[in-house]
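Note sheet for the following structure.
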Amino acid sequence: MVHALYLICAISAIAFLHPYVTYPLSLRLMKQRSLGTEHGPRPSASLLFSCYNEESVLPTKLDNLAAIKALHPDIDILAYADQCSDNSLAILQARPDLLRVIAATERTGKAMGMRTLVQAAKGEICIFTDANVTLDPQSVGRLLDYFRIAAVGGVAGTLHYVNDDSSATAGAGGLYWRLEESIKALESRCGSIMGADGSIFATRRALYPEVPPHLLDDMTASISVMLHDRRLISAPNVIAFERNVTMASEEFRRKRRIACRAFNTHRHLWPQLRQTLSRTDRYKYVSHKLLRWFGLPFLTVGVAAGSLALWLDGAQTLLALLWGAMALVLVGAIAGVKICATLMSIMAAIAATFFGIIDAWRGKTYQIWSPAQSRN
């Protein structure tokens with residue numbers, strides 16, 4: 001009985017840690033795959049973003065777009081205003097020299113907005129970003145150069161959060177994202193990455209799929225390029241900047257919503273991915289996506305099995321020390337100790353992710369939402 005409990009604890013610990021520890025290590029052992037050589041001129045491009053009540057960030061966004069346009073005069077820039085109730089639409093429409101604006105007549109959500117923009121886009125390449133994100137203007141040309149390689153179907157840029165010191169929540173988010181970017185770089189080195197973030201990525205317009213309105217448009221659009229035997233790669237020299245959410249309650253809701261939409265996206269894509277992806281890419285997908293979503297049950301089972309095993313094994317002192325350490329972390333987080341607060345923020349994110357999976361199992365969907373105010 002005790003040995004079985006220790007085994008369950010060990011298996012749960014491995015499953016919990018694999019996406020963050022052993023999976024990145026395994027990627028380092030995989031053979032590097034060449035992308036091929038560039039040929040032909042840079043393709044034409046459209047830069048697209050959806051907007052809902054973003055008036056506080058739009059002046060900065062428009063300045064950034066103007067800097068991009070100065071370097072790339074032929075770039076086609078489009079914005080979708082999702083029936084904003086603030087001054088966002090007026091701010092966008094005041095710059096017809098810079099971008100085209102499509103105004104929604106009803107709230108539709110980002111996925112429908114992006115689909116509408118893609119249909120109106122003129123460029124061969126669609127560059128997707130968010131209203132609250134700024135891009136290094138030099139990065140646009142670098143991004144387009146990747147599409148001179150025939151094997152490339154999609155490119156994910158590298159996102160930098162600029163306010164990691166604002167709160168424990170922002171710090172935990174920044175720490176997680178730096179790990180995420182390093183894993184994507186390793187995945188790209190040996191094939192394709194397992195999805196792109198909506199802050200900055202691009203695909204060939206011809207490969208853009210039909211995205212149901214309740215799914216993650218960035219995950220669906222980016223992963224779908226692999227269904228066309230093209231690679232989805234990470235580009236460290238394509239850089240975007242964004243402020244992270246600083247309030248724990250907003251971040252919990254955001255993580256829960258994203259997880260729900262991600263799992264619904266998984267159920268939509270998995271029948272095709274299972275038949276199309278190579279064994280290596282299926283391993284990447286399970287390691288990077290599926291196991292992370294179930295981190296909370298793995299951790300709960302591991303702690304419960306390990307605690308019971310120590311109790312039955314007569315190691316009550318060690319058990320008390322372990323539980324005492326966890327209690328100290330909780331007390332430290334409440335008291336504002338930075339490292340403890342960061343650990344609790346990480347645990348909250350893991351919990352929020354699994355709650356989002358439960359939402360998806362129960363049939364819940366998210367199509368529209370309001371931007372987090374604490375990131376502005």
Side-chain angles (χ1 to χ4, degrees), residues 18-20 23-24 27 30 33 48 110-111 114-115 118 125-130 133 143 146 151-159 173 176-204 207-212 214-236 238 240 242 254-255 257-278 280-295 349 353 356-357 360 366:
H18 174 69
Y20 312 103
Y23 173 54
L27 291 172
M30 294 184 184
R33 285 180 57 189
L48 319 174
K110 184 183 175 186
M114 287 304 193
R115 181 196 301 179
V118 170
I125 305 302
C126 287
I127 303 172
F128 302 96
T129 185
D130 290 329
V133 171
L143 186 154
Y146 286 104
V152 174
V155 177
T158 300
L159 176 64
Y176 169 85
W177 198 251
R178 288 191 293 276
L179 174 63
E180 177 73 4
E181 293 288 9
S182 67
I183 290 174
K184 286 196 295 186
L186 290 170
E187 288 177 336
S188 184
R189 172 183 170 274
C190 57
S192 287
I193 66 175
M194 295 298 107
D197 176 70
S199 58
I200 174 60
F201 79 102
T203 67
R204 298 183 187 274
L207 302 182
Y208 193 83
E210 188 81 7
V211 183
H214 65 288
L215 302 186
L216 281 176
D217 59 291
D218 47 11
M219 180 178 173
T220 307
S222 60
I223 288 183
S224 290
V225 306
M226 291 186 282
L227 301 177
H228 297 273
D229 198 29
R230 302 291 184 99
R231 282 177 67 175
L232 175 63
I233 64 169
S234 174
V238 176
E242 182 180 5
R254 189 182 77 92
K255 288 283 189 183
R257 182 189 73 240
I258 291 173
C260 178
R261 301 183 79 212
F263 196 73
N264 283 328
T265 302
H266 157 74
R267 292 194 290 194
H268 174 75
L269 290 175
W270 182 241
Q272 301 173 74
L273 295 175
R274 184 173 52 193
Q275 295 179 1
T276 306
L277 295 186
S278 66
T280 298
D281 282 339
R282 286 200 299 270
Y283 165 71
K284 289 181 179 181
Y285 185 86
V286 170
S287 299
H288 195 152
K289 298 292 185 184
L290 286 180
L291 290 181
R292 283 193 190 187
W293 292 334
F294 294 93
T353 297
I357 303 303
Y366 293 88

Worked check of side-chain contact (heavy atoms from CB on, under 4.5 Å) between Tyr20 and Leu291: CA-CA 10 Å; Tyr20 312 103; Leu291 290 181; over 6 Å; no
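- In this pair, His18 and Tyr23 present their aromatic rings tilted. The plane angle is within the 30 to 60° band.
- Here the side chain of Glu181 pairs a donor or acceptor atom with the backbone of Leu159 at under 3.5 angstrom.
- Panel note: side chain Ser287, backbone Lys284; no donor-acceptor pair is recorded below 3.5 Å.
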Could you give me the CA-CA distance, side-chain angles and deciding distance for Asp130 and Lys110, then say whether salt bridge (charged side-chain N to carboxylate O under 4.0 Å, His left out) is met? CA-CA 10 Å; Asp130 290 329; Lys110 184 183 175 186; 2.9 Å; yes
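- Between the OG atom in Ser182 and the CH2 atom in Trp177 there is a gap of 11.0 Å [rounded to 0.5 Å].
- Residues Arg204 and Val225 are not in side-chain contact: their nearest non-hydrogen atoms beyond the backbone lie 4.5 Å or more apart.
- Ile223 pairs with exactly one of Leu269, Thr265, Asp218 by the side-chain contact (heavy atoms from CB on, under 4.5 Å) rule, that one being Leu269.
- Side-chain contact check for Arg261 and Asn264: no donor-acceptor pair (N or O, by modelled atom type) lies under 3.5 Å.
- Lys184 forms no cation-pi arrangement with Phe201, by the criterion of a distance under 6.0 Å to the ring centre and an angle within 45° of the ring axis.
- Looking at heavy atoms from C-beta onward, Tyr366 lies out of side-chain contact with Ile258 at the 4.5 angstrom threshold.
- The closest donor-acceptor contact from the side chain of Arg33 to the backbone of Ser192 lies at 3.5 Å or more, if one exists at all.
- Between atom CG of residue Leu186 and atom CD1 of residue Ile193 there is a gap of 12.0 Å, rounded to the nearest 0.5 Å.
- Of the inter-residue distances, the one linking Lys289 atom NZ with Met219 atom CE reads 5.0 Å to the nearest 0.5 angstrom.
- Relative orientation of the Phe263 and Phe294 rings is perpendicular, given thresholds of 30° and 60° on the angle between their planes.
- Using a 4.5 Å cut-off on side-chain heavy atoms (C-beta onward), Tyr208 and Asp217 make contact.
- Considering CD1 of Ile200 and CG of Leu143, their distance stands at 5.5 Å, rounded to 0.5 Å.
- Here the closest heavy-atom approach between residue Ala202 and residue Ile125 is recorded as CB-CG2, 3.9 Å.
- Contact between Gly191 and Ile233 at its shortest, heavy atoms only, is O-CG2, 4.2 Å.
- When all heavy atoms of Arg231 and Arg189 are compared, the pair lying nearest together is NH2-O, 4.4 Å.
- Ala196 approaches Leu232 most closely through the heavy-atom pair N-CD2, 4.4 Å.
- Between Met194 and Met226, the closest side-chain pair of non-hydrogen atoms falls below 4.5 Å.
- Distance CE/Met114 to OG1/Thr220: 12.5 Å, rounded to 0.5 Å.
- Between Trp270 and Leu273 there is a side-chain heavy-atom pair separated by less than 4.5 Å.
- Rounded to the nearest 0.5 angstrom, His266 NE2 and Tyr285 OH are separated by 5.0 Å.
- Across all non-hydrogen atoms, the minimal contact from Ser222 to Thr203 is CA-CG2, 4.4 Å.
- Judged by distance alone, the side chain of Thr129 and the main-chain N or O of Ser199 form a donor-acceptor pair under 3.5 Å.
- When all heavy atoms are compared, the tightest approach of Ser188 to Ser234 is OG-N, 3.0 Å.
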